[in-house]
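Written below as structure tokens is the structure these notes are about.
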Amino acid sequence: MPDYFASRVLDLVEAIPPGRVMSYGDIADYLGRGGPRQVGRVMALWGGGVAWWRVIHADGSLLAGHERDALRSYSGEGTPMRLTADGRPGRVDMRRARWDGVS
DNA sequence: GTGTTGACAATCA
DNA sequence: CTGATTGCCAACA
């Protein structure tokens with residue numbers, strides 16, 4: 001069972017609007033405790049039940065090993081993407097997609 | 001108590 | 001833009 005901290009993390013992830021994302025550090029900072037690694041740990045253990053693809057690295061890179069699934073979800077939500085040097089979508093445009101918890 | 005590890009992050013070369 | 005370095009906090013052996 002998720003502890004209190006994990007519950008707060010999962011609730012917040014559920015609150016992220018479609019088409020928006022938050023970084024691990026953002027979530028930790030928003031909750032005011034723990035750190036990016038703790039958030040990552042929570043997601044690794046119990047993130048399967050929420051919109052895990054809306055939680056990514058601070059630089060906009062996707063979850064290693066799940067890029068395909070994430071991209072499929074993003075295309076359906078209209079998440080703003082940035083193109084890699086290869087010219088294909090590889091990371092999220094954090095400047096526009098980042099969600100602060102209010103708007 | 002001590003050392004390692006990890007779905008991380010800011011900084012610098 | 002890529003890679004290395006350092007800082008971070010909690011879990012685990």
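For the numbers below, each heavy atom of this structure counts, side chains included, while hydrogens, waters and symmetry mates do not. Below, chains carry the letters A, B, ... as their sequence lines are ordered, and counting in each starts from 1.
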Let me know, please, whether A/Arg33 or A/Ala85 comes out on the 5' side of the other along DNA chain C by nearest nucleotide.
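Checking each residue's closest nucleotide, the 5'-ward one belongs to A/Ala85.
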Given A/Arg20, A/Arg54, A/Met81, the one that forms side chain to side chain contact (heavy atoms under 4.5 Å, CB included) with A/Val92
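Output: one option passes, namely A/Met81.
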At less than 3.5 Å, do the side-chain atoms of A/Arg41 and the base atoms of B/dG6 form a donor-acceptor pair?
no
Can you check the [X] [atom1] to [N] [atom2] distance for me, whole Å?
X	N	atom1	atom2	result
A/Met43	B/dA9	CE	P	13 Å
A/Leu31	C/dA10	CG	C1'	15 Å
A/Asp29	C/dC9	CG	C1'	14 Å
A/Gln38	B/dA7	CD	P	12 Å
A/Arg37	B/dA7	CZ	P	8 Å
A/Tyr24	B/dG6	OH	P	15 Å
A/Ile27	B/dA9	CD1	C1'	14 Å
A/Leu45	C/dA10	CG	P	16 Å

Salt bridge or not between A/Asp86 and A/Arg88? Use side-chain N to carboxylate O under 4.0 Å.
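Counted as a salt bridge, because a side-chain N and a carboxylate O are separated by less than 4.0 Å.
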So, does [X] get its side chain near the phosphate of [N], meaning an N or O under 4.0 Å from OP1 or OP2?
X	N	value
A/His57	B/dA7	no
A/Arg91	C/dC1	yes
A/Ser23	B/dA9	yes

Between A/Trp53 and A/Glu77, is there a side-chain heavy-atom distance shorter than 4.5 Å?
yes
Any idea which of B/dA9, C/dC9, B/dC8 is nearest the A/Ala58 side chain?
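Of all the options, the side chain of A/Ala58 is nearest to B/dA9.
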Within a radius of less than 6.0 Å around CZ of A/Arg98, do more than 12 heavy atoms belonging to other residues, nucleotides or ligands occur?
no
Within the side chain of A/Ser7, is there an N or O that forms a donor-acceptor pair under 3.5 Å with the backbone of A/Asp3?
yes
